[in-house]
Undergrad: 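I have a structure here, written as structure tokens, and I will follow up with some questions on it.
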Amino acid sequence: MKLVTWNVNSLKVRLPQVLQWLAENPVDVLCLQETKLTDDKFPVAEIEAAGYQVAFTGQKTYNGVAILSKHPMSEVVKNNPRFEDEQQRIIAATIEGVRVVCAYIPNGQAVGSDKYQYKLRWLDALHDWLADELKTHESLALLGDYNIAPDDRDVHDPVAWQGQVLVSDLERAAFQRLLDLGFKDSFRLFEQPEKLFSWWDYRMMAFRRNMGLRIDHVLLSPPLAARCTGCIIDKAPRKWEQPSDHTPVVATIE
DNA sequence: ATGGCCTCGGTTCGAGGA
């Protein structure tokens with residue numbers, strides 16, 4: 001079973017790339033973030049024609065998440081029931097016995113800003129909700145754009161980024177608190193190339209210069225981590241015409 | 001040199017992303 005997360009930065013713009021990638025990579029579950037589409041504009045027919053069922057929750061301009069699945073989905077939940085939030089950033093479904101949570105964690109903008117405080121509150125609430133979910137779903141996968149680079153290895157230039165949003169101590173502590181629930185960062189279960197990232201700024205020719213961050217993650221609860229046989233970052237779509245600034249992260253469960 | 005690019009809404013610029 002292949003579980004994937006991909007921040008597509010507008011599904012309206014990126015739908016052809018999503019369909020192309022799925023044609024080349026027939027995965028079981030694809031979690032999308034930043035669809036930026038209201039539900040009435042979601043391309044259900046195109047995705048179903050590609051052989052996927054879909055659950056989604058969106059809004060105008062910003063945010064929006066979706067789960068594409070080859071298999072039936074049940075217990076679909078939109079948003080964190082423990083966190084009042086206008087922004088559409090979470091959708092969850094149970095697929096083949098796996099509780100799949102697709103999350104677009106807030107960016108935080110700048111350390112100390114209102115948006116940063118919102119990010120930290122949001123992460124606290126996520127932690128508390130997942131602690132509950134794990135009681136009833138021991139096989140739980142948390143996929144998404146975390147907007148956190150957990151370690152200096154996940155940053156192209158740790159000195160330049162030190163203390164900045166996406167790498168600050170409080171954000172990393174919040175990531176660690178998720179790991180403390182028992183989750184494993186599937187990427188780090190395996191030997192990986194150095195300087196492999198999941199996001200590169202559109203500016204500064206950052207992709208060509210590999211000035212990136214690893215901020216998109218697949219976290220697995222213990223029973224799933226035990227079944228995980230690989231995790232790769234697929235840089236290929238970042239080289240396509242008009243790419244998303246993020247690229248897919250693929251975890252394989254045996 | 002602290003910018004650079006991309007997307008959106010809605011108009012030709014500002015906000016937000018990371």
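Just so it is clear: chains get the letters A, B, ... in the order the sequence lines come, proteins before strands, and each one is counted from 1.
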Undergrad: When rounded to the nearest Å, what value does the distance between C1' atoms of B:dT12 and B:dC8 take?
TA: 14 Å

Undergrad: Main chain of A:Ser113, side chain of A:Tyr118: is a donor-acceptor contact present, judged purely on distance under 3.5 Å?
TA: no

Undergrad: With DNA chain B as reference, determine whether A:Arg203 or A:Tyr104 sits nearer its 5' end, using the nearest nucleotide of each.
TA: A:Arg203

Undergrad: What orientation do A:His217 and A:Tyr146 show, parallel under 30°, tilted 30 to 60°, or perpendicular over 60°?
TA: perpendicular

Undergrad: Any salt bridge between A:Arg89 and A:Asp145, counting N to O under 4.0 Å?
TA: no

Undergrad: If you compare every side-chain N and O of A:Gln242 against the phosphate oxygens of B:dC5 (OP1, OP2), does one of them come in below 4.0 Å?
TA: no

Undergrad: Report yes if the side chains of A:Cys102 and A:Gln33 come closer than 4.5 Å at any heavy-atom pair, otherwise no.
TA: yes

Undergrad: Between the protein and nucleotides 8-11 of chain B, are there any N/O to N/O pairs under 3.5 Å, and if so, what are the atom names and distances?
TA:
{"unit_1": "B:dC8", "atom_1": "OP1", "unit_2": "A:Ser10", "atom_2": "OG", "d": "2.6"}

Undergrad: Please determine if A:Asp124 and A:Arg177 form a salt bridge, counting it only when a charged side-chain N lies under 4.0 Å from a carboxylate O.
TA: yes

Undergrad: Between B:dG9 and B:dG4, how far apart are the P atoms? Round to whole Å, please.
TA: 22 Å

Undergrad: Check whether any side-chain N or O of A:Arg14 sits under 3.5 Å from a backbone N or O of A:Gln242 as a donor-acceptor pair, and report yes or no.
TA: yes

Undergrad: Looking at residues 107-117 of chain A, who's got a heavy atom less than 4.0 Å off DNA chain B?
TA: A:Asn107, A:Gln109, A:Lys115

Undergrad: How far does the C1' atom of B:dG10 sit from the matching atom of B:dA15, given to the nearest Å?
TA: 13 Å

Undergrad: Under 4.0 Å between a Lys/Arg side-chain N and an Asp/Glu carboxylate O for A:Asp157 and A:Arg209?
TA: no

